[in-house]
Amino acid sequence: MTRNNELRLLPWSGPDGKPCFLSTDDANGHLSRLADNTEAIQLDLAAELLDHASDVLSATDAAPDELCALAQDLAESLRDTLRVAESRGHRLPLLSPDTHRNDAEGPTLSASAFG
């Protein structure tokens, strides 16, 4: 079972759009690596789409159909990005109750905590 008995939210949906989860202690297993690669692709595509959206929105001659398609693509990309953020947030290490931290500085995490 995974740390804290948590299931990993996978970056794709199952039938009927229902979320998919993975239960494993092996971060290097086939499905874990596939999920990591899929998340990276989704985030890269989101960055490319954001650049494209900036170009389209700065154009004065954008057609309504093009704007509608862009909005649909942005909504799908945002849904994927939020799923990645939720999944990664659940996998962050928990602070122990006796850990004292300066709220002005916030928690300190290693680079590996961010995938």
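Small disclaimer: the values here were computed from a predicted structure and weren't measured. Computation of the quantities below employed the complete heavy-atom set of this structure, encompassing side-chain atoms and omitting hydrogens, waters and symmetry-equivalent molecules.
- Residues A46 and S77 come closest through the heavy atom pair CB-OG, 3.1 Å.
- Note that CG of D65 and CG of L70 are 12.5 Å apart. Values are rounded to the nearest 0.5 Å.
- Under the 4.5 Å side-chain heavy-atom criterion for ILVMFWY residues, a single connected hydrophobic cluster contains both L57 and L49.
- Note that CG of L22 and OG of S32 are 5.0 Å apart. Values are rounded to the nearest 0.5 Å.
- Proximity of V84 to L43: side-chain heavy atoms (C-beta onward) are separated by under 4.5 Å at one or more points.
- Note that CG of L82 is 12.5 Å distant from OG of S87, once rounded to the nearest 0.5 Å.
- Contact check on D80 versus R83 returns a salt bridge, with a Lys/Arg side-chain nitrogen under 4.0 Å from an Asp/Glu carboxylate oxygen.
- S58 places a side-chain N or O within donor-acceptor distance of the main-chain N or O of S54, the cut-off being under 3.5 Å.
- For the atom pair E66 CD and D61 CG, the distance stands at 8.0 Å (nearest 0.5 Å).
- Atom-to-atom distance recorded for L10:CG and L31:CG is 7.0 Å, nearest 0.5 angstrom.
- Residue pairs satisfying the side-chain hydrogen bond (donor to acceptor under 3.5 Å, both in side chains) criterion with at least one member in residues 38-47, sequence neighbours excluded, are listed as follows: R8-E39, E39-R88, E39-R91.
- Side-chain contact between F21 and L9 is present, with heavy atoms from C-beta onward closer than 4.5 Å.
- Rounded to the nearest 0.5 angstrom, L7 CG and T24 OG1 are separated by 11.0 Å.
- For S13 against C20, the heavy-atom pair with the smallest separation is C-SG, 3.7 Å.
- Under a hydrophobic clustering in which Ile, Leu, Val, Met, Phe, Trp and Tyr are joined whenever their side-chain heavy atoms come within less than 4.5 Å, directly or via other members, L74 and L78 fall into different clusters.
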